[in-house]
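Because the structure is predicted, anything quoted here is derived from the model rather than measured.
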Amino acid sequence: MTTDVHAARIGVIGLGAMGRPMAHHLLESHGSLQITGRTRREDDSLVASGATWHDTAREAAAASDVILLMLPDLPEVEQVLVGPDGILAAGTELLLLIGSSSSPSGVRELAARLADETDGRVRVVDCPVSGGEDGARLGALSIMLGGADEDVARAAAVLEACGTPVHLGPLGAGQVAKACNQMIVSATILALGEASVLAERSGIDLRVLWNLLGGGYAGSNLLNSRREKLVTGDDSPSGVAKYMVKDLSFAADVAEATGTNGVLLPTLRAAFDEIVDSGLGDRDIAVARRFIAER
């Protein structure tokens with residue numbers, strides 16, 4: 001496995017709403033890219049731009065030195081690791097970049113197991129991201145890195161094409177940061193949704209309101225990205241609400257591990273559990289407005 005990131009062969013597994021635009025930036029930056037996913041598009045824009053498609057994770061791993069895994073969580077990571085067509089079957093040295101929002105302890109346990117099973121041949125960095133689909137398309141993601149210094153340096157050099165990578169600490173630190181991020185995002189979208197209902201029922205034009213408040217302390221990147229959805233009530237999916245349930249559960253794990261008796265976290269978890277239980281979990285997080293209005 002080459003340690004020269006400019007010569008390293010880069011792969012991406014998981015070409016969804018976040019993984020695909022990130023893959024485009026990686027391809028543009030590095031000149032070549034190994035990719036695979038559940039299904040191959042007949043008109044795949046990545047392949048048309050020069051990426052190499054592989055039918056299995058094993059084949060993609062055999063052609064890569066560094067692989068970015070943009071998958072929902074660790075169970076999906078496990079699925080592409082094991083079996084005759086899995087990453088580990090390639091038998092090569094690899095640096096795995098886990099972009100999933102996952103349990104910090106789960107990432108550490110996975111890394112320890114892989115190091116043991118492969119005699120250190122497979123190493124892990126966690127690299128969850130924030131910025132949503134817009135940030136992924138623009139190459140403006142906040143990328144939260146956890147891992148050993150040398151591994152993280154290589155990961156950062158690869159991922160800088162997708163945004164701003166920052167080393168936050170040892171393995172799992174990226175996941176802790178993502179849990180903190182999701183606490184803030186979930187609290188903010190609930191406040192925005194509830195305030196929208198209060199204002200609308202008081203006869204205030206929501207577009208005027210959010211244009212005004214967006215320039216003050218209530219302004220945020222989240223308000224900027226969800227302003228139109230909050231005004232129109234459109235909650236067609238982008239960042240779906242149900243993923244907050246697992247993300248907030250990881251935050252609760254961190255709270256327990258650090259002896260933190262939070263005020264907001266239990267309320268946020270209860271609110272998003274209720275959103276999912278009410279059948280709105282597959283909607284965008286801007287569904288907070290509808291959830292409050294119908295509650």
Side-chain angles (χ1 to χ4, degrees), residues 1 8-27 30 32-41 44-47 51-129 136 141 143-147 151-152 154-155 158-159 162 171-172 174-175 178 240 242-243 246-247 250:
M1 177 173 63
R9 300 169 300 166
I10 313 299
V12 176
I13 298 178
L15 301 172
M18 298 295 291
R20 181 167 288 277
M22 291 177 72
H24 273 288
H25 289 298
L26 291 171
L27 176 59
H30 296 280
S32 63
L33 192 70
Q34 317 302 314
I35 60 171
T36 191
R38 285 180 295 182
T39 56
R40 179 176 180 175
R41 296 183 181 182
D44 196 306
S45 58
L46 284 165
V47 174
T52 301
W53 173 268
H54 298 274
D55 290 330
T56 67
R58 174 181 56 79
E59 293 171 357
S64 302
D65 300 304
V66 180
I67 291 186
L68 172 63
L69 300 173
M70 290 304 298
L71 300 166
D73 200 354
L74 294 183
E76 290 79 12
V77 170
E78 291 280 4
Q79 289 175 10
V80 300
L81 283 173
V82 300
D85 290 327
I87 288 172
L88 298 181
T92 56
E93 289 189 52
L94 281 172
L95 180 62
L96 296 181
L97 311 183
I98 298 182
S100 318
S101 296
S102 306
S103 160
S105 60
V107 167
R108 289 190 287 266
E109 290 166 4
L110 173 64
R113 196 191 84 218
L114 291 178
D116 182 62
E117 291 179 357
T118 67
D119 293 324
R121 180 171 42 81
V122 176
R123 299 182 61 81
V124 172
V125 166
D126 59 310
C127 61
V129 302
L141 294 170
I143 306 171
M144 301 160 252
L145 300 176
D151 294 335
V152 168
R154 296 185 66 225
V158 170
L159 294 172
C162 301
L171 196 64
Q175 300 299 343
K178 182 60 184 283
V240 296
K242 66 182 179 183
Y243 289 147
K246 76 175 178 68
D247 293 348
F250 299 146

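- The side chain to side chain contact (heavy atoms under 4.5 Å, CB included) test applied to Ala155 returns Leu97, Val125, not counting sequence neighbours.
- When all heavy atoms are compared, the tightest approach of Val152 to Gly146 is CG2-C, 3.9 Å.
- Between the CE atom of Met70 and the SG atom of Cys162 there is a distance of 8.5 Å, given to the nearest 0.5 Å.
- Of all non-hydrogen atoms in Val12 and Ala23, the two that sit nearest each other are CG2-CB, 4.2 Å.
- A distance-only check finds no donor-acceptor pair linking the side chain of Glu93 to the backbone of Gly120 [under 3.5 Å].
- For Ala111, the side chain to side chain contact (heavy atoms under 4.5 Å, CB included) partners two or more places apart in sequence, or in a different chain, are Val124, Leu171.
- With rounding to the nearest 0.5 angstrom, the CG atom of Leu68 is 9.5 Å from the CD1 atom of Ile10.
- Here CD1 of Ile13 is found 9.5 Å from NE2 of His54. Values are rounded to the nearest 0.5 Å.
- In this structure Asp151 satisfies the salt bridge (Lys or Arg N to Asp or Glu O under 4.0 Å) test together with Arg123, sequence neighbours excluded.
- Proximity of Arg154 to Val66: side-chain heavy atoms (C-beta onward) are separated by under 4.5 Å at one or more points.
- Without hydrogens or angle criteria, Lys246 side chain to Ser101 main chain gives a donor-acceptor distance under 3.5 Å.
- A donor-acceptor pair is defined here as one N or O able to donate and one able to accept, closer than 3.5 Å; no such pair exists between the side chain of Lys178 and the backbone of Met144.
- A distance-only check finds a donor-acceptor pair linking the side chain of Asp65 to the backbone of Arg9 [under 3.5 Å].
- Heavy-atom minimum distance, Gly172 versus Pro104: O-CB, 3.7 Å.
- Residue Met22 holds its CE atom at 5.5 Å from CG of Leu141, rounded to the nearest 0.5 Å.
- Under the 3.5 Å distance criterion, the side-chain polar atoms of Thr36 are left unmatched by any main-chain donor or acceptor of Ala57.
- Under the side-chain hydrogen bond (donor to acceptor under 3.5 Å, both in side chains) criterion, Thr118 pairs with no residue at all, not counting sequence neighbours.
- Interatomic distance, NE2 of His30 versus NE2 of His25, reported as 12.0 Å (0.5 Å rounding).
- Of the inter-residue distances, the one linking Ser103 atom OG with Leu110 atom CG reads 10.5 Å to the nearest 0.5 angstrom.
- Side-chain contact between Ser105 and Gln175 is absent, with no heavy-atom pair separated by less than 4.5 Å.
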Please tabulate, one pair per line, all N/O donor-acceptor pairs under 3.5 Å involving side-chain atoms of residues 71-90, not counting sequence neighbours.
from	atom 1	to	atom 2	distance (Å)
Asp73	OD1	Ser102	OG	3.2
Glu76	OE1	Asp73	N	3.1
Glu78	OE1	Arg113	NH2	3.0
Glu78	OE2	Arg113	NH1	2.8

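- Counting only distance, with no hydrogens or angles, the side chain of Ser64 and the backbone of Ile67 share no donor-acceptor pair below 3.5 Å.
- Take Val47 and apply the side chain to side chain contact (heavy atoms under 4.5 Å, CB included) test, not counting sequence neighbours, and it matches Ile35, Arg40, Asp44, Trp53.
- Judged by distance alone, the side chain of Arg121 and the main-chain N or O of Thr92 form a donor-acceptor pair under 3.5 Å.
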